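Below is one structure, written out as structure tokens, with a few remarks after it.
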Amino acid sequence: MNFYKEPTGYFKTALSELQGAWEMLREAVVEEFGFQNSDKLLFHIDEAMSWESVRNLNLMEPLILLIHNIAKQSDASKSITECIDDVRNSFDAVIEAMKEGKVQ
């Protein structure tokens, strides 16, 4: 019988950074809630943070782009756009870890 092996430390760090980036973005939108399309942003952020998106990262990438576009069209604050950039960078780090074979 084979036992499931825990992912490498790098991957766990990359995933935890991605999770943290999403949480910071969500918190920023909630703090500034009430600006144009803030409800749409929150909906799509929650969708991107869902178990389905985390288990299939191919679903997350288009959501990041959609969230970025909604924020840009809504003149979201600089803190929100910076958080979106952090999400993108963290997502890219996870994808890189996968390409390097650090993810099974």
Side-chain angles (χ1 to χ4, degrees):
M1 173 159 89
N2 291 334
F3 290 98
Y4 177 75
K5 292 184 180 180
E6 187 174 3
T8 65
Y10 176 80
F11 183 62
K12 287 194 317 187
T13 300
L15 271 181
S16 63
E17 287 178 6
L18 178 58
Q19 179 185 14
W22 277 116
E23 289 172 0
M24 295 296 292
L25 173 57
R26 189 178 195 291
E27 185 177 311
V29 172
V30 168
E31 284 179 10
E32 299 181 29
F33 196 82
F35 62 92
Q36 180 186 1
N37 295 321
S38 56
D39 56 337
K40 288 182 184 181
L41 276 177
L42 205 52
F43 173 80
H44 292 297
I45 290 167
D46 287 342
E47 183 179 3
M49 293 175 70
S50 73
W51 183 245
E52 183 177 281
S53 293
V54 172
R55 294 295 293 164
N56 182 358
L57 293 177
N58 291 326
L59 299 175
M60 190 179 287
E61 187 168 26
L63 287 170
I64 295 170
L65 181 60
L66 177 64
I67 290 165
H68 171 83
N69 289 341
I70 291 170
K72 188 170 183 167
Q73 292 170 3
S74 303
D75 292 323
S77 72
K78 184 178 179 179
S79 65
I80 290 174
T81 57
E82 287 173 350
C83 286
I84 294 170
D85 291 341
D86 289 344
V87 167
R88 164 56 73 187
N89 292 335
S90 296
F91 177 81
D92 290 344
V94 169
I95 297 303
E96 188 61 32
M98 292 173 72
K99 287 179 183 176
E100 293 173 359
K102 301 190 185 220
V103 178
Q104 299 175 4

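The model shown is predicted, which means the values in this text are computed figures rather than measured ones. Just so you know, residue 1 is the first one in the sequence shown, and it goes up from there. No hydrogens, no waters, no symmetry mates; every other heavy atom, side chains included, goes into these values.
The side chain to side chain contact (heavy atoms under 4.5 Å, CB included) search around Glu52 returns Ser50, Leu59, not counting sequence neighbours. The side chain to side chain donor-acceptor pair (under 3.5 Å) search around Asn37 returns Ser74, not counting sequence neighbours. Scored by the salt bridge (charged side-chain N to carboxylate O under 4.0 Å, His left out) test, Lys78 finds Glu82 as partners (sequence neighbours excluded).
Across all non-hydrogen atoms, the minimal contact from Cys83 to Ala28 is SG-CB, 4.1 Å. Residues Val87 and Leu18 come closest through the heavy atom pair O-CD1, 3.8 Å.
Checked against Trp22 for a side-chain contact (heavy atoms from CB on, under 4.5 Å), the options Asp46, Ile45, Val54 give a single hit: Ile45.
Note on Arg26 versus Glu31: no salt bridge recorded, every NZ/NE/NH1/NH2 to OD/OE distance being 4.0 Å or above.
Atom CD1 of Ile67 sits about 9.5 Å away from atom CG of Leu42, to the nearest 0.5 Å. We find the CD-CD1 distance between Glu100 and Ile95 to be 12.0 Å, quoted to the nearest 0.5 Å. From Ile80, atom CD1 reaches atom CD1 of Ile84 across 7.0 Å, with rounding to the nearest 0.5 Å. If you take NZ on Lys99 and CG on Asp92, they are separated by 8.5 Å, rounding to the nearest 0.5 Å. Separation of atoms CD1 (Ile70) and NZ (Lys40) is listed at 6.5 Å; rounding is to 0.5 Å. One finds the CD1 atom of Ile64 at 12.0 Å from the CG atom of Asn69 (value rounded to the nearest 0.5 Å).
Judged purely by atom type and a 3.5 angstrom limit, Ser90 uses its side chain to pair as donor or acceptor with the backbone of Asp86.
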Could you walk me through whether Phe91 and Leu63 satisfy the side-chain contact (heavy atoms from CB on, under 4.5 Å) test, starting with their C-alpha distance in whole Å, then the side-chain angles of each, then the deciding distance to 0.1 Å, before giving a yes or no? CA-CA 11 Å; Phe91 177 81; Leu63 287 170; over 6 Å; no
Would Glu61 and Arg88 count as a side-chain contact (heavy atoms from CB on, under 4.5 Å) here? Give the steps. CA-CA 8 Å; Glu61 187 168 26; Arg88 164 56 73 187; 3.5 Å; yes
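Dense packing is recorded around CE of Met49, with more than 12 heavy atoms of other residues, nucleotides or ligands lying under 6.0 Å away.
Follow the hydrophobic side-chain contacts under 4.5 Å out from Leu15 and you reach Met98 in the same cluster. Cluster membership for Phe33 and Leu25, using ILVMFWY side-chain heavy atoms within less than 4.5 angstrom, is shared.
With no hydrogens or angles considered, a side-chain donor-acceptor pair links Ser79 and Glu32 at under 3.5 Å.
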